Amino acid sequence: MSLTVAEDNSSSEIHLPADINWDMLDKSKFFFFGAALFSGVSCTLYPIIVLKTRQQVMTNATSSFKIATTIFRSEGCRGFYSGFGTSLVGTIPARALYMSTLEVTKSYVGDIAGVRLGLSVTSASVVANAAAGLSAAMAAQLVWTPIDVISQRLMVQGPCAVGLKMYNYNGGIDAFRTIIYSDGIKGLYRGFGMSILTYAPSNAVWWASYSISHRLIWGCVGSKDMNSNNQTDGKKVAVLAVQGLSASLASGLSALVTMPLDTVKTRLQVLDGEESVRGSKSPTTLQTVRNLFNEGGIRACYRGLGPRWASMSLSATTMITTYEFLKRLSTKNQDSFA
């Protein structure tokens, strides 16, 4: 079922580019090209994530520029890719789980909402995208949380960690062994509840907002003949531009609303998790929140907002355009989407 065809009985039809659902994809191409494309995206955006993470664990307010300068002077370009190998290894299966859950849920819920419940195409699209984003985020966190715990601890090592009493790991494998030895499997899932609380609603809101923004923008700019087989380069550029703008708009509010949760999650996974490695009792979520407020009130919860906002906007824009390109690249009938 395509959720982005024109509304029936509408005085001003909005012709959206044809959607590609799960059944239309060549799964082998989808996962192979997806791993390659999203690995490239992760490599491009990783330095911003390193900045965001280091800023969140600092006990005092430090600008992103100052942290970036310190990293470059003391560690060189390699400092911006601390823990990248571990992150990349985990990103591939996590992305595969995320994408497959997203597409399966979107098709299934879209069919129920549009056919069985009789919702309009717009409403069915919003419901399907929200449900897909929620379920995909929850499924992916089973893989992403342990990878986050390890990669984020590797990110904050080095001269920027002076005063943080960080444990010095000798790579991802050493970090894995140390965490397992000191805290067991639960050590790899520190902050799992906060991760679900942060990413699941955020993904649901993002995909629903993206669906609405996408439709509204096409309604404003016009979208006649976008489903024709003979799309010009100009039309293809227009499709990418609308997708990118829709993604960016959907990211702004999501970043602002979930920032305090993300900061607490990062503290639980990185700073507070270090206490268990040394044999001390790890602070609870409530204690972590209290520590943040003692350091700087509500503003402390928003440390790293700039890099996170930039990361989410760039990531979302790149992700959605890459994702839509991936789906067209992996469709079984290429002629229909040439």
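The structure presented is a predicted model; accordingly, all values stated were derived computationally and were not measured.
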Student: Considering all heavy atoms of both residues, which atom of V149 and which atom of R153 are nearest to each other, and what is their separation?
Tutor: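 Between these two residues, the closest heavy atoms are O-CG, 3.1 Å.
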Student: May I ask whether V289 and L305 are part of the same hydrophobic cluster, defined by side-chain heavy atoms of I, L, V, M, F, W, Y residues being less than 4.5 angstrom apart, directly or through others?
Tutor: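 Linked, V289 and L305 end up in one cluster.
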Student: Could you tell me which residues satisfy ring pair (Phe, Tyr, Trp, His ring centres under 6.0 Å) with Y302, sequence neighbours excluded, listed by chain and number?
Tutor: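 Partners of Y302 under the ring pair (Phe, Tyr, Trp, His ring centres under 6.0 Å) test: none.
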Student: Does any N or O in the side chain of S248 come within less than 3.5 Å of the main-chain N or O of G244, such that one atom is a donor and the other an acceptor?
Tutor: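 No; judged by distance alone, with no hydrogens or angles, the pair does not exist.
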Student: Search all heavy atoms of V50 against all heavy atoms of S82 and return the closest pair with its distance.
Tutor: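 Of all heavy-atom pairs spanning V50 and S82, the closest is CG2-O, 4.5 Å.
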Student: Do the side chain of S313 and the main chain of A310 share a donor and acceptor less than 3.5 angstrom apart?
Tutor: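 Not confirmed, S313 side chain does not pair with A310 backbone.
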Student: When the ring planes of Y81 and Y46 are compared, do they come out parallel, tilted or perpendicular, using 30° and 60° as the limits?
Tutor: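 Y81 vs Y46 ring planes: parallel.
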Student: Quick one: CD1 on I298 to CG on L292, what's the gap to the nearest 0.5 Å?
Tutor: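 Here the rounded value is 9.0 Å.
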Student: Judged by atom type as modelled, is there a donor-acceptor pair below 3.5 Å linking the side chain of D183 to the main-chain atoms of I179?
Tutor: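 Checking the backbone N and O of I179 against the side chain of D183, no donor-acceptor pair under 3.5 Å is found.
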Student: With hydrophobic residues grouped by side-chain heavy-atom distances under 4.5 Å, do V89 and L45 end up in a single group?
Tutor: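 Hydrophobic grouping puts V89 apart from L45.
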Student: T101 side chain to Y98 main-chain N or O, any donor-acceptor pair under 3.5 Å?
Tutor: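 Looks like no, no N/O pair under 3.5 Å.
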Student: Within the structure provided, determine whether F72 and C77 are in side-chain contact (heavy-atom separation under 4.5 Å).
Tutor: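 In contact.
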Student: Closer than 3.5 angstrom, by distance alone: can the side chain of T331 be matched with the main-chain N or O of K327 as a donor-acceptor pair?
Tutor: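 No: the side chain of T331 does not pair with the backbone of K327.
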Student: Quick one: do W144 and S195 satisfy side-chain contact (heavy atoms from CB on, under 4.5 Å)? Show the steps, please.
Tutor: CA-CA 9 Å; W144 253 320; S195 294; over 6 Å; no
Student: Go through the structure and list residues passing side chain to side chain contact (heavy atoms under 4.5 Å, CB included) with I196, not counting sequence neighbours.
Tutor: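 Scan of I196 (side chain to side chain contact (heavy atoms under 4.5 Å, CB included), adjacent residues dropped) gives M138, Q141, F192, A200.
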Student: I92, I147: one ILVMFWY side-chain cluster at the under-4.5 Å cut-off?
Tutor: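 Looking at the clustering, I147 is in a separate group from I92.
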Student: T91: which residues meet the side chain to side chain donor-acceptor pair (under 3.5 Å) condition with it, sequence neighbours left out?
Tutor: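 Expected list: none.
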Student: Below 4.5 Å, heavy atoms only, C-beta onward: do S125 and H214 meet side chain to side chain?
Tutor: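 Heavy-atom side-chain distance check fails, nothing below 4.5 Å.
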Student: Kindly indicate whether the side chain of Q55, heavy atoms from C-beta on, has any atom under 4.5 Å from the side chain of L51.
Tutor: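 No, their side chains stay 4.5 Å or more apart.
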Student: Quick check: does any side chain N or O of S151 sit under 3.5 Å from a backbone N or O of S87, one acting as donor and the other as acceptor?
Tutor: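 No.
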Student: Is it the case that S135 and T105 place a side-chain donor and acceptor less than 3.5 Å from each other?
Tutor: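 Yes, T105 and S135 have a side-chain donor paired with an acceptor closer than 3.5 Å.
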Student: When you measure from the side chain of S74 to the backbone of T70, do you find a donor-acceptor pair of N or O atoms at a distance under 3.5 Å?
Tutor: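 Flag set: sc S74 to bb T70 pair under 3.5 Å.
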Student: Checking R54 side chain against M155 main chain: does a donor-acceptor pair fall under 3.5 Å?
Tutor: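 Here the side-chain-to-backbone pair exists.
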Student: For T258 and L261, indicate whether the former's side chain and the latter's backbone hold a donor-acceptor pair under 3.5 Å.
Tutor: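 No.
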Student: Within the 4.5 Å heavy-atom criterion, are I217 and L249 side-chain neighbours or not?
Tutor: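 Contact flag for I217/L249 side chains = yes.
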Student: Which residues pass the salt bridge (Lys or Arg N to Asp or Glu O under 4.0 Å) test with R303, not counting sequence neighbours?
Tutor: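 Applying salt bridge (Lys or Arg N to Asp or Glu O under 4.0 Å) to R303 gives E295.
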Student: Do W207 and L102 have side-chain heavy atoms sitting under 4.5 Å apart?
Tutor: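 Yes - at least one pair of side-chain heavy atoms lies under 4.5 Å apart.
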Student: Check whether any side-chain heavy atom of K52 sits under 4.5 Å from a side-chain heavy atom of D262, and report yes or no.
Tutor: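 Heavy-atom side-chain distance check passes, below 4.5 Å.
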Student: Got S246 and V242 here, is their nearest side-chain heavy-atom distance under 4.5 Å?
Tutor: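 SC-SC contact between S246 and V242 confirmed.
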Student: For F80, enumerate each residue passing the ring pair (Phe, Tyr, Trp, His ring centres under 6.0 Å) test, keeping only those at least two apart in sequence or located in another chain.
Tutor: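 F80 satisfies ring pair (Phe, Tyr, Trp, His ring centres under 6.0 Å) with no residue once adjacent residues are dropped.
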Student: Taking a hydrophobic cluster as the set of Ile, Leu, Val, Met, Phe, Trp and Tyr residues connected by side-chain heavy atoms closer than 4.5 Å, whether directly or through intermediates, do M99 and L329 fall within one such cluster?
Tutor: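 As far as the 4.5 Å side-chain criterion goes, L329 and M99 are connected within one cluster.
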Student: Do you know the tightest heavy-atom contact between V143 and P93?
Tutor: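 In terms of heavy atoms, the two residues are closest at CG1-CG, 4.3 Å.
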Student: Give the intermediate values and the outcome of side-chain contact (heavy atoms from CB on, under 4.5 Å) for residues Q243 and Y323.
Tutor: CA-CA 10 Å; Q243 289 171 347; Y323 188 63; over 6 Å; no
Student: Do S120 and S123 have side-chain atoms, one donor and one acceptor, less than 3.5 Å apart?
Tutor: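 Short answer, yes.
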Student: Side chain of R267, backbone of Q56: donor and acceptor closer than 3.5 Å?
Tutor: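 Side chain of R267 to backbone of Q56, a donor-acceptor pair under 3.5 Å: yes, one is there.
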Student: Are V205 and V127 linked, directly or through other ILVMFWY residues, by side chains that come within less than 4.5 angstrom of each other?
Tutor: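 The answer is no; the residues belong to distinct hydrophobic clusters.
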Student: Side-chain contact test, heavy atoms from C-beta onward, threshold under 4.5 Å: evaluate it for F176 versus T86 and give yes or no.
Tutor: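 Not in contact.
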Student: Could you list the residues that satisfy ring pair (Phe, Tyr, Trp, His ring centres under 6.0 Å) with W206, not counting sequence neighbours?
Tutor: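 Listed in chain order: Y210.
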